[in-house]
Amino acid sequence: MKGILLHILFLIIPLTVINGQDHEDMEDRRLDSLIRVANEARLDTNKLRILYEICIEHYNVDTVNKYANIELELSRKLKEPLYEARAFSLLYWCNYHYNDFVKANTYAYKAIVIADSIGESKLVAKNYSNLGISFAAMQDANKSDEYFHKALDIYTQRHDSSYMAETLRDIGYNNSVHRMFKEAEECYNKALEIDIARRDSDLISEDRLGLASALLSKYEFHSMTNDDTTPLRQSKHEYNTAFKIADKTGNDYAKFIYYVEMPRVLMYEIDNEERGSRRYKELTDSCKLFIDQAYHIADRDGYETDKLLIDFEYTSYLTIAKQYKKAENLLDSLNKAFQEDEELHRGHFHKLYNAYSVLYKSKGDLKKSLEYFQKYHYHYLNSHNQDYAIAATQNMVKAQFDEEIRAQKERELLLKTQAKQQTIITTAVVIVLLLLTILTIFIVHSYIRSRKVNMMLDQKNREITDSINYASLIQRAAMPSKVSMSETFGDYMVIFRPLNIISGDFFWASNKGDLKALAVADCTGHGVPGAFLSMLGMAILEYISQRHNEGEVSAGKMLDDMKKVFKQSLHQNGNEADNHDGIDIAIVIIDTKKKQIHYAGAFRPLIIASEGRLTKYDADRMPIGAYYNESEHFTDHVIDVKTGDTLYLFSDGITDQFGYDEKHEVHKFTAKRFKSLLSSIAHLPLSEQKTLISNAIDEWRTDSRSAELEQYEQTDDTTIVGVRVG
């Protein structure tokens, strides 16, 4: 887990290369000064700021843990949720380094809940990345990949190129560890493209080091079955390029990694040379110089934990140089250290036994070589999740926005005249202004009467709530009524739970002869901002559905048109300064005559229950609205259905809802748990399913251990719509 472990240092605590005792003393004096100020400061937000600064600058885990707990306690007293979320992030980092990954993950989950509630999406993404790191350390590659992609999605929506590149490096390392070399190279090259555009030389060298390592691992794996040395040559080129950049910019840590990893490249080159030749001696001497330089920098700059990496390279060198006694003594020393702290070194045992196996094979002791190879094989399998390749491949395909998208017809011009487009915009603006005017009237009216403070304050709150409730009535009236849903679909259910009375979620339906359309959408934000976008989204869908060509059935085409009108309406021209509001949506068109449905999704999937079996259809990984590296078209999935099949469309409010599992640990409800719930109830009438799903959400949020049956607050708008094919 070298790449992930190196990354954790950059994640929370800025890495400072300490050159010289004077520099180290100066840092210590600064931290001591901050601690004195914190101890003397009043219990206010200024003290919180100082405590946080101590934690992010300190390099001692125990000290960070101490002051993060103080920050957590004070932030709760002062009701400062931002510092509370930051404290949880710091405690994640501490417990990660204590190897208590379960506790670390609990802190990350808590940080996500709080950060999301106050709109700190960057802190949410950082803690998703934290979860990716710890699940990687726990050898759960599927969850690690899932959380890294959640972080990447948020950074992409924020157009935060620096953290996008950082997360791509994490995903690339994960792919490389699990032998998905093509995907690893793609991730590192995407990160490299971003950092070149940003002209960040330090990160360019880090990208190239990661790419070099992936290429070297690719060569090591494939060298057992073919003689192609191309990946080895490419790896050496990337290492040398990274070193030149790091040397020019003074990035000592990147240079250190170069000295640590280059001996592996040289030793493979040595294997291809005739022993005793001039070239053989040059490569051997260079290998020893690299290792000596790596040890020198590690001692000079305090990289004690990284010496283990150098030790393995040194044993390989000693084996090639036939200095068997020295190699065996070093391996025995490492073995003793590993046995004394098995938990700390459990991810390195396979490397140790492989080194033993290679050593004894070189000595000619094939019996011992085989014995250690068997140990190596056992520990290697235990340290890698063999199911990772399938899941991670699927994720990479999604991240590349469905490269297998079928060719579609050229889009027809949706807006025939500028006047028609202006009608949509004007209608949406009028609705938004109407909502805003209602709120403003009540707020201003309440303010004027607020001179009678105690009485009028309560009155003001009631009037504001009433106005929002009235806005909620307007919003709900814009959505399909119970009567229209019943007439259109027959057996159906709708669960609509706004987080703050009015909602950023909405559902929409249309009925035209043999064609019935249904959509569920999740707009950026919730409350008033989300409701404004939902009204615009419904207006655009209604406009598009009325103007679609007769006989043309394509859910993908509807989303293409919706995206175009939405971007024009909000003046999203692809510039960095544009607003980044958007809509995640799933839409289906049911052809009752042909017994087919057309499905398209913008980040929102479709689940179909048929004869006791559930099938999930994944959405395109882009929203309605401006998006980084967006694809031109949405995919139109054509699916055969039967009478009695049930279609489920839903926002992420249920899958992302935090609550308590059977062990009373805090987790999200998750898509897997939701799919399992649907599988157990899909045969029931949808009215009964609605009750069971609603009860399941409430029970999940409730802590049965607490005397008051304490509940996690709802974290987002929640919408679930199910319809049965007639």
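This chain uses plain numbering: 1 for the first residue, then up along the sequence.
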NZ/NE/NH1/NH2 to OD/OE distance under 4.0 Å, R621 and E630: no

Apply side-chain hydrogen bond (donor to acceptor under 3.5 Å, both in side chains) to residues S510 and K516 and explain how you reach the verdict. CA-CA 6 Å; S510 175; K516 305 176 188 298; over 6 Å; no

Atom CZ in F507, atom CE in M479: separation rounded to 0.5 Å? 6.0 Å

Derivation of the side-chain hydrogen bond (donor to acceptor under 3.5 Å, both in side chains) call for R158 and S121: CA-CA 8 Å; R158 288 173 52 89; S121 61; 3.0 Å; yes

Looking at NZ of K564 and CD of Q572, how far apart are the two atoms once the value is rounded to the nearest 0.5 Å? 15.0 Å

Listed partners of D522 passing side-chain hydrogen bond (donor to acceptor under 3.5 Å, both in side chains), at least two apart: none

Chi angles and distances behind the side-chain contact (heavy atoms from CB on, under 4.5 Å) call for T615, S610: CA-CA 8 Å; T615 305; S610 178; over 6 Å; no

Got a sec, which residues hit side chain to side chain contact (heavy atoms under 4.5 Å, CB included) with K594, two or more places apart in sequence or on another chain? D591, Q596

Between D561 and K563, is a salt bridge (charged side-chain N to carboxylate O under 4.0 Å, His left out) present by the stated rule, with each step listed? CA-CA 5 Å; D561 293 345; K563 182 174 183 177; over 6 Å; no

Smallest heavy-atom separation, I583 atom then G537 atom, equals CD1-CA, 4.0 Å

Mind checking salt bridge (Lys or Arg N to Asp or Glu O under 4.0 Å) for D116 and listing every partner two or more places apart, or none if nothing turns up? none

Which residues pass the side-chain hydrogen bond (donor to acceptor under 3.5 Å, both in side chains) test with T670, sequence neighbours left out? none

Does D207 pair with R169 as a salt bridge, N-O distance under 4.0 Å? yes

Indicate, with yes or no, if the rings of Y648 and F674 have centres closer together than 6.0 Å. no

Tightest non-hydrogen contact, residues A555 and Y599, listed as CB-C, 3.8 Å

Ion pair E713/R701, N-O distance below 4.0 Å: no

Distance-minimising heavy-atom pair for Y92 and A108: CD1-CB, 4.0 Å

Show your working on side-chain hydrogen bond (donor to acceptor under 3.5 Å, both in side chains) between N127 and S89 and close with a plain yes or no. CA-CA 7 Å; N127 278 280; S89 287; 2.8 Å; yes

Are the side chains of D584 and S651 in touch, meaning some heavy atoms are under 4.5 Å apart? no

Drop me the distance from H633's NE2 to D620's CG, to the nearest 0.5 angstrom. 11.5 Å

Only pairs at least two apart or in different chains count here, so list each salt bridge (Lys or Arg N to Asp or Glu O under 4.0 Å) that has a residue in residues 668-681. D656-K668

Does any part of the side chain of T592, heavy atoms only, come nearer than 4.5 Å to the side chain of I590, both counted from C-beta? yes

No-hydrogen, no-angle side-chain donor-acceptor test under 3.5 Å, S679 and S676: no

Distance alone, cut at 3.5 Å: any donor-acceptor contact between the side chains of D581 and T524? no

In plain terms, say whether K190 and D195 are close enough for a salt bridge, that is, a side-chain N and a carboxylate O under 4.0 Å apart. no

If we only count heavy atoms from C-beta on, is the I597 to I608 side-chain gap below 4.5 Å? yes

Separation between CD of Q657 and NE2 of H667, rounded to the nearest 0.5 Å: 14.5 Å

According to side chain to side chain contact (heavy atoms under 4.5 Å, CB included), who are the partners of P498, at least two apart in sequence or on a separate chain? R476, F496, S503, D717

Do I693 and M493 come close enough that some side-chain heavy atom pair is under 4.5 Å? yes

Output the distance between atom OH (Y163) and atom CD1 (I154), rounded to the nearest 0.5 Å. 13.0 Å

Scanning both residues in full, the closest heavy-atom pair of D636 with G556 reads OD1-N, 3.1 Å

I'd like to know if the side chain of Q689 reaches the main chain of A682, judged simply by a donor and an acceptor atom lying under 3.5 Å from each other, with no hydrogens or angles considered. yes

If you take all heavy atoms of Q714 and R497, which pair is closest and at what distance? NE2-O, 2.9 Å

So OG1 of T167 and OH of Y128: to nearest 0.5 Å the spacing works out to 13.5 Å

Nearest heavy-atom approach of N174 to A136 is OD1-CB, 3.9 Å

Does the distance from a Lys or Arg side-chain N to an Asp or Glu carboxylate O, for K143 and D145, drop under 4.0 Å? no

